[in-house]
Amino acid sequence: MQIIDGKSLAKKIREEIALEVELLKKDRDITPGLAVVLVGDDPASHAYVKMKAKACKEAGIYSITHEMPANISQSEIEETIVMMNKNPNIDGILVQLPLPSHIDTTKILELIDPKKDVDGFHAYNFGRLMTGLDGFVPCTPLGVMKMLQAYDIDPKGKDACVVGASNIVGKPMAALLLNAFATVDICHIYTKDLAAHTRRADILVVGVGKAGLITEDMVKEGAVVIDIGINRLEDGSLVGDVDYENVAPKCSYITPVPGGVGPMTIAMLLKNTLKAAKERK
Ligand code: NAD
């Protein structure tokens, strides 16, 4: 069994991005810029945004965070997005989710200029992903694909199973695996017999948000297991959706939590911001 070290891989990618950013500044006088919209005071969202801002700084990317109170109106968020769409120094716009329940999240995400949609959540980019065209791919699934690539794991011809079917994790993950010629099962809360699907998988990707969901008996011997889930236990520790201790011995490769997919997500955000800056007219 080999552990897929997302932390080291992400560090390497971030160093490469920093060099590319330096070149972009030198050759074209462009400093990539990322605008983050952060609404409310959810501690996890604040922590994520802080990590993203730090990562930008280290890579030489300019970033600005628009912090807004939880009771902000839909139109005020929309005005900020419109302003950022027009700002020539901003290449990427990221709205930290979840937004408060009185806000229409879809409407906000659809307002972002698809060319600045570095999270890849806009239907335009999702459509391009489904059709195999170039565009912005959501950072977490993109990070998973980079991990597979770095460890020479080719999805072509493999049976893959994605557990979790959200627009930001499961669906784009499944699309990427399909584009890489895997045969993909997509499972969700209403899947009748989850284990019947997971047991068939050569590559099992789990992004649900339920600690201990995937147990040893649900995993095929020699499978590649990618754990996207993040769950905080009562003692404060972080775990994924996979019962790591018991599942790991059965796997050929497995990602740990923390230190697996999480760091790759941030590295891919920087990558997407750099991509947007390079495409700046
Ligand atoms: P979500 O709540 O939007 O979606 C969860 C999905 O899981 C849904 O499709 C739902 O049908 C499915 N599901 C729920 N219970 C299930 C069950 N018992 N069996 C099978 N499927 C079930 O969540 P999300 O935004 O997609 O995030 C999923 C997880 O990934 C969360 O733990 C989140 O914190 C984590 N996440 C991690 C990163 C990272 O960088 N590592 C990034 C984004 C999300």
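These figures come from a predicted structure and were not determined experimentally. For ligands, and for the atoms within them, numbers begin at 1 and follow the listed sequence. Positions are given from 1, in the same order as the sequence printed here.
Looking at N85, its side chain does come within 3.5 Å of a backbone N or O of D113 through a donor-acceptor pair. Using modelled atom types, one side-chain atom of N125 and one backbone atom of P114 make a donor-acceptor pair closer than 3.5 Å.
Between K220 and L204 there is no side-chain heavy-atom pair separated by less than 4.5 Å.
Taking CD from E78 and OG from S73, the interatomic distance works out to 8.5 Å, rounded to the nearest 0.5 Å.
In this structure, ligand 1 sits under 4.0 Å from heavy atoms belonging to T140, V163, G164, A165, S166, I168, V169, H188, I189, L194, G207, V208, G209, K210, L213, I228, G229, I230, V261, G262, T265.
K275 has a carboxylate O that lies under 4.0 Å from a charged side-chain N of D134, or vice versa, which qualifies the two as a salt bridge.
Applying the 6.0 Å contact sphere to OH of Y151 captures more than 12 heavy atoms from other residues, nucleotides or ligands.
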